[in-house]
Amino acid sequence: KAGVTQTPRYLIKTRGQQVTLSCSPISGHRSVSWYQQTPGQGLQFLFEYFSETQRNKGNFPGRFSGRQFSNSRSEMNVSTLELGDSALYLCASSLSGPGRGNSPLHFGNGTRLTVT
Amino acid sequence: AQSVAQPEDQVNVAEGNPLTVKCTYSVSGNPYLFWYVQYPNRGLQFLLKYITGDNLVKGSYGFEAEFNKSQTSFHLKKPSALVSDSALYFCAVRDEGYQKVTFGIGTKLQVIP
């Protein structure tokens, strides 16, 4: 079974631009979560989608948004990029849904975003 | 609000010795607990999860974790460390109410040959 696929692997953007990251979950997984990883802050939760509905949301500004499509693929968008947005963005899929919260997350290898 | 604490930024252990990576948690209600490992430039890989009623859980690559409800801890253990175990280890928790999965800050494990 193919794992979680994130594209692109690397991105370099300048301040003020916007960026869209893509995530394809494991086949059959309907839950997709996004995390921002930085050396000082660890993994910070962005949002979680299940069956195209946002189920949970982290404490990030409105510049960070996401969506999930009917095939469970997900995208996240960051507008008006700031230098502090430079990070590894990780996507994870799982069988989790209401009532299956103990299903583990399966992570992609991430998108490394550098904002200059 | 749920939280996870990993009190050690780094753990150093000699190859062949037992290792322990510590984790304590706070949730309302019963916890779903997990351990993940991350190698450089890669995503996180699932190692093991707590199963209700089992105080000692076995996982991948010879790792196990000890659950202690009274101390709200879920420490990761391995009887004999390998150099290839050197990586970043994350503890994570989710409560029964299907809140987000919260991760600890991570502990860097260094196994010395």
Side-chain angles (χ1 to χ4, degrees), chain A residues 3-7 9-10 21 23-26 29-51 53-60 66 87-112, chain B residues 1-10 23 25 27-54 57-60 63 65 67 74 87-108:
Chain A
V4 177
T5 303
Q6 289 189 248
T7 55
R9 191 79 170 87
Y10 299 94
L21 311 181
C23 173
S24 293
I26 291 172
H29 286 190
R30 294 163 64 189
S31 173
V32 173
S33 303
W34 288 89
Y35 287 83
Q36 180 194 66
Q37 185 178 22
T38 56
Q41 299 294 318
L43 274 84
Q44 300 294 311
F45 173 77
L46 282 154
F47 20 68
E48 179 179 14
Y49 289 88
F50 180 81
S51 294
T53 300
Q54 190 179 85
R55 301 294 304 209
N56 289 298
K57 188 176 187 305
N59 297 321
F60 278 81
L88 180 66
Y89 289 87
L90 292 166
C91 168
S93 74
S94 78
L95 290 169
S96 288
R100 300 191 67 170
N102 66 338
S103 296
L105 298 175
H106 300 265
F107 284 83
N109 286 329
T111 294
R112 173 77 61 186
Chain B
Q2 60 191 33
S3 64
V4 177
Q6 293 182 243
E8 300 153 318
D9 289 338
Q10 182 159 332
C23 170
Y25 66 90
V27 294
S28 54
N30 293 319
Y32 296 134
L33 293 158
F34 309 86
W35 275 101
Y36 293 85
V37 60
Q38 185 178 33
Y39 297 99
N41 298 315
R42 303 294 296 272
L44 281 68
Q45 295 177 32
F46 168 70
L47 276 179
L48 54 80
K49 70 177 182 181
Y50 170 61
I51 299 170
T52 304
D54 288 351
V57 179
K58 294 191 183 299
S60 305
F63 284 94
F67 174 74
F74 190 57
L88 190 55
Y89 290 81
F90 291 92
C91 182
V93 68
R94 180 177 218 156
D95 71 14
E96 288 179 310
Y98 193 63
Q99 298 301 309
K100 63 182 182 180
V101 178
T102 299
F103 285 81
I105 197 73
T107 298
K108 183 178 179 181

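Naming: A, B, ... by sequence-line order, numbering from 1 per chain.
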Partners meeting ring-ring contact (aromatic ring centres under 6.0 Å, His included) with Y89(A) (sequence neighbours left out): none

Any side-chain heavy atom of L43(A) sitting closer than 4.5 Å to one from L44(B)? yes

Under 6.0 Å from the NZ atom of K58(B), do we count more than 12 heavy atoms belonging to anything else shown? no

Can you confirm whether more than 12 heavy atoms, excluding those of N59(A), are under 6.0 Å from its CG atom? no

Should the pair Y35(A) and F103(B) be assigned to parallel (<30°), tilted (30 to 60°) or perpendicular (>60°) ring geometry? perpendicular

At their closest point, which heavy atom of R9(A) faces which heavy atom of N41(B), and how far apart are they? NH2-O, 2.6 Å

Where does [X] contact chain B at under 4.5 Å (heavy atoms): side chain, backbone, both or neither?
X	result
L105(A)	both
F47(A)	neither
T38(A)	neither

Any donor-acceptor N/O pair, K100(B) side chain to G58(A) backbone, under 3.5 Å: no

Heavy-atom donor-acceptor pair, N109(A) side chain to G43(B) backbone, under 3.5 Å: yes

Tell me every residue that passes side-chain hydrogen bond (donor to acceptor under 3.5 Å, both in side chains) with Q37(A), counting only those two or more places apart in sequence or in another chain. Q38(B)

The single option from Y36(B), F34(B), F90(B) that satisfies ring pair (Phe, Tyr, Trp, His ring centres under 6.0 Å) with F107(A) is Y36(B)

